[in-house]
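In what follows, a structure is listed as structure tokens, so that the remarks can point back to it.
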Amino acid sequence: MLRIWPSADRIERGHDLPRGTLAAVAFAPDRLRPAITGEITDEQWRSAIAAEIAERCGSQSRALGAVAEWSRLEPHVDHEVVTLLRQVRAVVPLALVSNGTTRLEHDLARQGLSELADVVINTARIGYIKPDHAVYRIASERIGVPAHRCLFIDDSEANVIAARELGMIGVHYRQIDDLRTALAGLPAPTRAV
């Protein structure tokens, strides 16, 4: 919801890969899980992706080139979401919780987002992934707010359900209005004159 990743279609066409190959290989649960729990680094994950597609690309070097090009893709930042989150942070503590790889913090800094939240919970740094309840407990502890006083917003319904199971208020994000509605009850930030 904060960052929207572009399609890899152009890269796949350029490397004679069927459409959707990179995502299918990269995000296969058995390949992704070690990367987002921190069992392996982002670099190791990307190397494994290249090894998997090497035969389809015609060589290991072509596969490494395809993965390197894919790795350079920049997600689009939804600036409307950023604006709303900055307003939230002016009133209440804000945690960004992501099933990310060891590269997440670097990516956030590169896009000017590292200071958007009070705390970034990167699952690769804690060893658990959403929807594991441990992720939500850690987020709640790190911002110093009891779970029953936390609002959790996510684009995955399974993650929202898990947050609700711990007593958090959960909102399934599908469009910007979902975020606006969820945040409407917060007090407006005060400004010093």
Side-chain angles (χ1 to χ4, degrees), residues 1-5 26-27 29 32-42 45 74-193:
M1 73 185 214
L2 175 61
R3 300 183 311 147
I4 300 111
W5 289 91
F27 303 120
L32 181 61
R33 186 176 187 77
I36 61 177
T37 58
E39 294 172 43
I40 63 173
T41 66
D42 182 82
W45 174 61
E74 285 280 325
H76 164 75
V77 174
D78 188 327
H79 291 287
E80 200 168 357
V81 170
V82 169
T83 297
L84 288 170
L85 294 180
R86 284 193 175 124
Q87 291 169 359
V88 167
R89 189 172 179 211
V91 179
V92 296
L94 178 66
L96 174 63
V97 182
S98 181
N99 281 349
T101 70
T102 56
R103 189 176 110 161
L104 176 65
E105 294 85 356
H106 171 77
D107 286 351
L108 292 174
R110 190 178 69 238
Q111 292 196 281
L113 300 172
S114 58
E115 300 300 319
L116 183 61
D118 296 290
V119 173
V120 173
I121 309 296
N122 178 356
T123 60
R125 307 289 181 207
I126 62 172
Y128 302 98
I129 59 172
K130 297 180 288 181
D132 190 305
H133 289 177
V135 174
Y136 308 96
R137 284 190 199 102
I138 290 167
S140 172
E141 289 168 8
R142 291 203 183 158
I143 60 170
V145 177
H148 72 278
R149 302 223 358 125
C150 290
L151 169 63
F152 179 80
I153 302 169
D154 200 284
D155 57 2
S156 163
E157 190 169 14
N159 294 342
V160 172
I161 290 169
R164 287 178 184 152
E165 289 170 354
L166 284 177
M168 292 181 173
I169 299 165
V171 175
H172 183 202
Y173 178 95
R174 291 169 297 253
Q175 59 187 3
I176 191 71
D177 286 338
D178 296 329
L179 184 57
R180 280 193 201 101
T181 300
L183 302 176
L186 290 176
T190 56
R191 303 208 186 278
V193 180

Hey, mind stepping through Asp178 and His172 against side-chain contact (heavy atoms from CB on, under 4.5 Å) and telling me if it holds? CA-CA 8 Å; Asp178 296 329; His172 183 202; over 6 Å; no
To check you understand the geometry: which heavy-atom pair defines the closest contact between Cys150 and Ile143, and what is its length? SG-CD1, 4.2 Å
4.5 Å side-chain heavy-atom contact, Pro131 and Asn159: yes
Arg142 to Ile126 - nearest heavy-atom pair and separation: NH2-CG2, 3.7 Å
Roughly how far apart are Leu104 CG and Thr123 OG1, rounded to 0.5 Å? 8.0 Å
Nearest 0.5 Å please: distance from the CD1 atom of Ile129 over to the CG atom of Leu32. 7.0 Å
Answer yes or no: is there a side-chain heavy-atom contact under 4.5 Å between Phe152 and Leu166? no
Any donor-acceptor pair under 3.5 Å linking the side chain of Ser140 with the backbone of Tyr136? no
Side chains of Val97 and Ile138 in contact at under 4.5 Å (non-hydrogen atoms): no
Looking only at heavy atoms, what is the nearest atom pair of Val171 and Ala182, with distance? CG2-CB, 3.8 Å
Minimum heavy-atom separation for Gly100 to Ala124, with atom names? O-CB, 3.2 Å
Counting N and O atoms only, with roles assigned by atom type, does the side chain of Asp42 sit under 3.5 Å from a partner on the main chain of Ala35, one being a donor and the other an acceptor? no
Roughly how far apart are Arg3 CZ and Leu113 CG, rounded to 0.5 Å? 7.0 Å
To the nearest 0.5 Å, atom CG of Leu85 lies from atom CG of Leu116 at 5.0 Å
Counting heavy atoms not belonging to Arg174, are there more than 12 under 6.0 Å from its CZ? yes
Got Val82 and Gln111 here, is their nearest side-chain heavy-atom distance under 4.5 Å? no
Between Val145 and Arg149 the two heavy atoms that sit nearest each other are CG1-CB, 3.7 Å
How far apart are the C-alpha atoms of Thr83 and Arg86, what are their side-chain angles, what is the distance that settles it, and do they pass the side-chain contact (heavy atoms from CB on, under 4.5 Å) test? CA-CA 5 Å; Thr83 297; Arg86 284 193 175 124; 5.7 Å; no
Out of curiosity, Asn99 CG to Ile121 CD1, how far, rounded to the nearest 0.5 Å? 12.0 Å
List in chain and number order the residues that pass side-chain hydrogen bond (donor to acceptor under 3.5 Å, both in side chains) with Arg125, two or more places apart in sequence or in another chain; answer none if no residue qualifies. Glu105
Is there a side-chain contact between Leu96 and Leu108 in this structure, where contact means two heavy atoms from C-beta onward sitting under 4.5 Å apart? yes
Under the criterion side-chain contact (heavy atoms from CB on, under 4.5 Å), I'd like the reasoning laid out for Leu84 against Ile176: C-alpha separation, chi angles, the key distance, then a yes or no. CA-CA 10 Å; Leu84 288 170; Ile176 191 71; 3.8 Å; yes
Give a yes or no answer on whether the side chain of Arg89 reaches the backbone of Leu94 with a donor-acceptor pair at less than 3.5 Å. no
Look up atom CG in Leu2 and atom CD1 in Ile153, then write down how far apart they are to the nearest 0.5 Å. 12.0 Å
Within a reach of under 6.0 Å around CD of Glu115, are more than 12 heavy atoms found that belong to other residues, nucleotides or ligands? no
